[in-house]
Amino acid sequence: MAERRGKNLVFAVNGERFELAKVDPAMTLLEFLRTRTRYTGAKLGCGEGGCGACVVLLSTYDPKHDKVEDFKISSCLTLLCSINLCSVTTTEGLGNIKDGFHTIHERISGFYASQCGFCTPGMCMSLFSALVNADKSERSKPPDGFSKLTVSEAEKAIVGNLCRCTGYRPIVDACKSFAADVDLEDLGFNAFWKKKKGANVKCLPFHRRDEVCTFPDFLKSEILAGFSNSVLEDQIGLEITKLDISNNPESTFLAENHWYSPNSVDDFYKLLNSIEFTKSSIEIGAAVTISKTIDLLKEENERFVPQGMKSVFTTLADHMNKVASQFVRNTASLGGNLIMAQKDQFPSDIATLLLGVGSSVCIQLLSERSIVTLEEFLSRPPCSQRTLLLSIYIPYWSSSKIFPLNPNGNTREPVLLFETHRAAPRPLGNSVAYVNAAFLAQISLHNMSGDRVLDDVRLAFGAYGTEHVIRARKVENLLVGKSITASILLEAIHLLRETIVPKEGTTHADYRSSLAVAFMFMFLRPLSSGLSESDALPWTASELEDLDRSDKGDLLLSSKQLVGYSTEYHPVGQPIKKVGVELQASGEAIYVDDIPSPKDCLYGAFIYSTKPLARIKSIDFRSTLSSQKIISFVSTDDIPEGGTNIGSASLFGSEPLFADSLAQYAGQPLGVVIAGTQRFANMGAKQVDVTYTTENLEPPILSVEEAVRRSSFFEIPAFAFPERVGDFSKGMEEADHTIISEVKLGSQHYFYVETQTALAIPDEGNCVVVYSSSQCPEFSQGVIAKCLGIPNHNVRVITRRVGGGFGGKAVRAMPVATACALAAYKLQRPVRMYLDRETDMLTVGGRHPMKINYSVGFKSNGKITALHINLLINAGISEDISPMMPHNIIHALKKYNWGAFSFDVKVCRTNLSSKSAMRGPGEVQGSFIAEAIIEKISSTLKHDPNSIREKNLHTYESLGVYYKGSAGEVFEYTLPFILDKLIKSSCFDLRVAKIKHFNSCNQWKKRGISCVPIIHHVILRPTPGKVSILNDGSIVVEVGGIELGQGLWTKVKQMVAFALGQLWSDGSQTLLERVRVIQADTLSLIQGGFTAGSTTSESSCEAVRLACNVLIGRLKDLKDRLQDQMGSVEWDILISQANLQAVNLSASTYFVPDQSSMNYLNYGAAVSEVEIDLLTGATTILRADLIYDCGQSLNPAVDLGQIEGAFVQGIGFFMTEEYLTNSDGLVLSEGTWSYKVPTVDTIPKMFNVEILNSGHHQKRVLSSKASGEPPLLLASSVHCATRDAVKAARSELFSWIGSENNPEDFYLDVPATMPVVKELCGIDNVERYLEKVISSSDQRNKCNVN
């Protein structure tokens, strides 16, 4: 522990003073908040600044100017020792249940903008930071109830914050409700007004500016006291008396042979503000944050920067705004970014930008100080700890001064052009670029020809798979002095291809090279009269500042929600706010890792195999400071006598907790390191050396093809094998055409924001209590008991709420709970585990990959006569739920009438992590396979794919054949109605015509549109429920289902209020606020089963309805007697009398659905429109229109959130989430840096959802239908629309190259990432285009000669 010299560490958290004499220098602010304070709002989601769950507000005070500066930060990256004399505000500091919730909390609640709630505190703090800073601006005063925030700023307030549940739309609406320029009628469905016309700010919780004090007076007083007593000298304790604010080399004192190392935030103060404007450059201290640099470049240039440089600085600032996210930029320094680029080969955007403008750096090595170009600095050997980067110089570029004019007869004053580019999975940042570039050029007009001539040019490229950013000097030399023609540009591109060569092992190497070409083409094309869309080039300074060809990335999101709801079963069917949402927003909702650690608590971390099939010879720990923190190591040797090495189990089999002598897959847990803190446990786990041998072992099975070759399969039970339809051979005989083709689908990470976690506490009598973030506590209970060799009743598993599950907290949560229990049982001390993001993603598995070969026969009109599927499912190492996958996949495939339908399915056992249920397991793949077949038929026949879909939709009769026992009554088959309604409401036909026109007019952007239907089969499962009425009339409810964010508690609460309220036929008793649903406890309510399959909410509702009916039966006679005596009976009186008369006021039931009602079908459809950039492969989702049949929704607000959230999660699977592994099957996409779930800037720009209220369904729970998983399948419409756009691009490409191949005959991979789209549009499409232009020009010249 490091003790501060002269002064303790002093800071404030939510106005509370903290003073620490000793500080662990490695402790982060987040670790302190979560382990040393009572505040739980800041969450650990990734530990690398990539998710926003840990965002808090940091405030500093400038005593000289009496000014408080507020900015959001990522507390997981901020060291505690760096916040001396700062104030921290967490979401609890805004408001709470005791003192009243903040307006932000209330609006998040009222806009239904929280589901699992784990990310919500971080969202609230990002929004609060935006509000605070906007309201401190000098903008005009907004109307009462609004802030000075603009709609654009509000939309971007949560950029960088990840949410896996909501789909972002309601969060954005909550943010926009504060904006002064918002049209309230444009905001989405909410609890504040029923109709758009009723939108009024008076309906919203009132926003009061300066409501929260972010910097307490006592801390200001301490700072002022120190400020007046030479703070710098007092804290440094050295004779350093001078650190010039401009970081001037002549005035900064450095002791000889020593480099300067600041000891505190105060020492850093002047470095952080070391900014100086000179006549030739701006000098920025290396410790200035990226955010401060952006502000400087945008604002200060108005006062200090020459006119010609303003557009350059603005462009730099705009690009820097896409680096990381704001809560990272607010603490990340400019110099730190450059050091990472120089030392660690970090693919820095900032290094590229600064090289593009010719920057230099000032460095200090021991006593020697020097100024070198950035290019020279980056090319040096990696910096040692003895090198200090002091400052960065950005020169002022003057076209008449910097560039010498070439002797080419130019007479007109040259113009300076500066552009930057980046291509990344997310438009607004929070993702490393595939390639970035910065271009600076001086252009003048030739006085003879009038052509534009490049007098000089700088071309900087980075992030493409190179050690450092480079300048393409050979290309520069080629271009200088020339006017840009197609021939010159093509020659430059060939030279650039030779220059931009990614190093070996770089992912998407060809794509990255093509991006460099595309960027240079985008920059130079407008300078050529033969290539540009307009010959006009601005020459005046003001016109030059307006020239901006970069994408500003404005979101401008809009949406509509059409929601009908019924009052028949009030309050069921009403859009009640989600239970506990304000607690989630204020950080007071308790998740497993928020439970205070018991006395003597220890912490665990997995060590895991990095080999797929190898014997373990030894497990040793390196002798390091980290390994010295290890208290114990738990492995198979510690399983008690009578216990079993079991870590998880399902209906189909089990999986070991730890590898014993043989590691069977990369990522398999080998044991648990136990330490005194979670950080020490994680560090200790990384000190392990595992020795393997593969002697006498066969190679691992890492693919389904190898599994087939070696007959490595799991058995599919008869009940899970679906029925075939018709005679395939006969159907093929009827066909005019046949196709044999293939579809491959990869995996998807769960990426719940709360990783796997558990807390195990030893209890008396050989018992253990386990708090687990689990979707199936009862199964965890059984696994733990079996592992420990004790009865199930000795194991109590408790789950209150789960921070996102999506299937990953079912079977895959069991190993963590079991490992904790085993460690606690061994050590007889509490043990908790909270997996770091990397370990979670490496060990947990994900969605099932698969390979599909199919044969399909069809008529010339597109009517399909027969389909056969050969399906190979990659299950991983154990059964898990994989034997159910054939059932799910085939049922989803049956959404079209294939005529005759047969299939052969194999569930393959491979040496990979077990794949498990993930939201829509099998159904999402099956539905997509159907669409891929439809698209293939349409491309073969060259018909519109939507006409093929329509021709092969089920009639009610064929539906009954394909879905025996599930089709329901004829009126329940709403899919044809939904499609007809959607085609009209989305203006589909009109938009198809407009897209054709757009594509004909735009060379480098193409649009596509698609309409996709779904049929989703679900099964109700037996579910328990218990309702108890307490003495005061309050009601406690227990259900087997777990609250995952899907609103289960809310619907259950509504059902109990409705069911018990039936005692009064006039509805006079309102019981909703009397009901509380409590946590699942395996020793209190048994047979809880799995919370999965989208039906647990309705099953739980039916269970408690039955329990309420039991209570009504007990209370009705008493109520009737009292009513006869008193005339009317209130609830409180009834319950009081029931207690006096010994009426049993607790009822437990077990809902078992009958065979006629346990299976049913869900219907929906979506129209999606996209735009693709043919130069970068970027896809923008312009619009999505969804209609989904919820029957009679139990809660339309909850179901709307489920629909939107599922759809956006589906976008991730189909478009952005690339699941990468190495040759051993070890996951490479193991965190936020490498795995990209959808963000607010990747959702549809226009997002319209209608919940269809399809009326009475006798066999459903109050006529309701499932909503959690089916809408995810609709996201395939985005993929199909992208395919439609790619078709248009390929048609044009094929015309350029004179290809006679069918441009529609291609397969678009899943996910359709930027490299995938670009490759299909032509990895060399720029060259092909230029060749076509040159060829056309040559032909014209020949004609002119003739």
Side-chain angles (χ1 to χ4, degrees), residues 44-54 74 76-77 118-119 122 159-165 167-168 324-325 328 346-347 423-434 463 506-508 511 608 666-667 745-756 803-809 812 835-849 912-913 915-916 918-919 924 1178-1179 1205 1208-1222 1225-1243 1272 1275 1309-1316:
L44 176 59
C46 67
E48 52 191 13
C51 74
C54 68
S74 182
C76 74
L77 296 181
F118 200 79
C119 71
V159 168
N161 289 78
L162 302 185
C163 175
R164 197 60 156 160
C165 298
Y168 299 100
S325 52
V328 173
F346 176 70
R426 294 169 179 159
L428 295 184
N430 200 23
S431 60
V432 174
Y434 291 111
T506 301
T507 58
H508 309 302
Y511 168 66
Y608 48 83
L745 293 170
S747 189
Q748 182 183 19
H749 287 292
Y750 297 103
F751 209 93
Y752 27 63
V753 184
E754 176 204 44
T755 59
Q756 302 283 359
F806 319 116
K809 300 281 181 70
R812 307 321 304 162
L835 299 193
D836 62 82
R837 178 61 62 182
E838 178 181 357
T839 302
D840 187 282
M841 296 179 78
L842 283 169
T843 60
V844 171
R847 196 180 291 283
H848 288 77
L912 298 168
S913 59
K915 301 303 180 275
S916 191
M918 182 174 180
R919 200 173 194 173
V924 63
T1179 300
V1208 170
Q1209 194 170 95
I1211 289 173
F1213 175 66
F1214 287 112
M1215 301 301 295
T1216 67
E1217 297 179 35
E1218 197 172 13
Y1219 190 108
L1220 300 174
T1221 61
N1222 67 9
L1226 186 68
V1227 170
L1228 298 176
S1229 48
E1230 83 286 27
T1232 58
W1233 283 73
S1234 54
Y1235 192 72
K1236 299 303 178 184
V1237 302
T1239 46
V1240 70
D1241 51 343
T1242 55
I1243 66 173
L1272 189 145
D1309 285 338
V1310 174
T1313 57
M1314 294 171 69
V1316 168

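Ser1229 places a side-chain N or O within 3.5 Å of a backbone atom of Leu1220 that can act as its donor or acceptor partner. A donor-acceptor pair is defined here as one N or O able to donate and one able to accept, closer than 3.5 Å; no such pair exists between the side chain of Thr1242 and the backbone of Pro1238. Looking only at distances, no side-chain donor or acceptor of Ser747 sits under 3.5 Å from a matching main-chain atom of His848. Judged by distance alone, with hydrogens and angles left aside, the side-chain atoms of Glu48 form a donor-acceptor pair with the main-chain N or O of Thr1232 at under 3.5 Å. Asp1309 places no side-chain N or O within donor-acceptor distance of the main-chain N or O of Ala1312, the cut-off being under 3.5 Å. With hydrogens and angles disregarded, a donor-acceptor distance shorter than 3.5 Å links the side chain of Arg837 to the backbone of Gly45. At least one donor-acceptor pair closer than 3.5 Å links the side chain of Arg426 to the backbone N or O of Val1237.
When every heavy atom of Gly1210 is checked against every heavy atom of Ala1275, the shortest pair comes out as C-CB, 3.4 Å. Smallest separation of non-hydrogen atoms from Arg847 and Lys915: O-CD, 3.6 Å. Of all heavy-atom pairs spanning Ala424 and Ser431, the tightest one is CB-OG, 3.4 Å. When all heavy atoms are compared, the tightest approach of Val432 to Pro425 is O-CD, 3.9 Å. Contact record, Val1316 with Pro1311: CG2-O, 3.8 Å, taken as the closest heavy-atom pair. Shortest non-hydrogen contact noted between Ser325 and Gly160 is CB-CA, 3.9 Å.
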### Task
Give the intermediate values and the outcome of side-chain contact (heavy atoms from CB on, under 4.5 Å) for residues Thr1313 and Lys1236.
CA-CA 10 Å; Thr1313 57; Lys1236 299 303 178 184; over 6 Å; no
### Message
Evaluate Phe806 against Cys165 for side-chain contact (heavy atoms from CB on, under 4.5 Å), listing each step before the verdict.
### Response
CA-CA 9 Å; Phe806 319 116; Cys165 298; 3.9 Å; yes
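In this structure, the separation between CG on Leu835 and CD on Gln756 is 6.5 Å, given to the nearest 0.5 Å. Rounding to the nearest 0.5 angstrom, the gap separating the CD1 atom in Ile1211 from the OG1 atom in Thr1216 is 8.5 Å. Separating the CG atom in Asp1241 from the CG atom in Asn430 is a distance of 8.5 Å, to the nearest 0.5 Å. Here the CE atom belonging to Met841 is positioned 5.5 Å from the CZ atom belonging to Phe751, to the nearest 0.5 angstrom. Interatomic distance, Lys809 NZ to Tyr752 OH, rounded to the nearest 0.5 Å: 6.0 Å. To the nearest 0.5 Å, the span separating CZ on Arg812 from CE on Met918 amounts to 14.0 Å.
Between the side chains of Asp840 and Tyr750, no donor N or O sits under 3.5 Å from an acceptor N or O. Neither side chain, Tyr1219 nor Gln748, offers a donor N or O lying under 3.5 Å from an acceptor on the other.
Residues Tyr168 and Asn161 are not in side-chain contact: their nearest non-hydrogen atoms beyond the backbone lie 4.5 Å or more apart. Using a 4.5 Å heavy-atom threshold, the side chains of His508 and Glu1218 count as touching. Contact check for Tyr1235 versus Glu1217: side-chain heavy atoms found under the 4.5 Å cut-off. Between Pro347 and Tyr434 the shortest side-chain heavy-atom distance does not fall below 4.5 Å. Looking at Leu842 and Leu1226, their side chains come closer than 4.5 Å, going by heavy atoms from C-beta outward.
Tyr511 pairs by the side-chain hydrogen bond (donor to acceptor under 3.5 Å, both in side chains) definition with nothing, not counting sequence neighbours.
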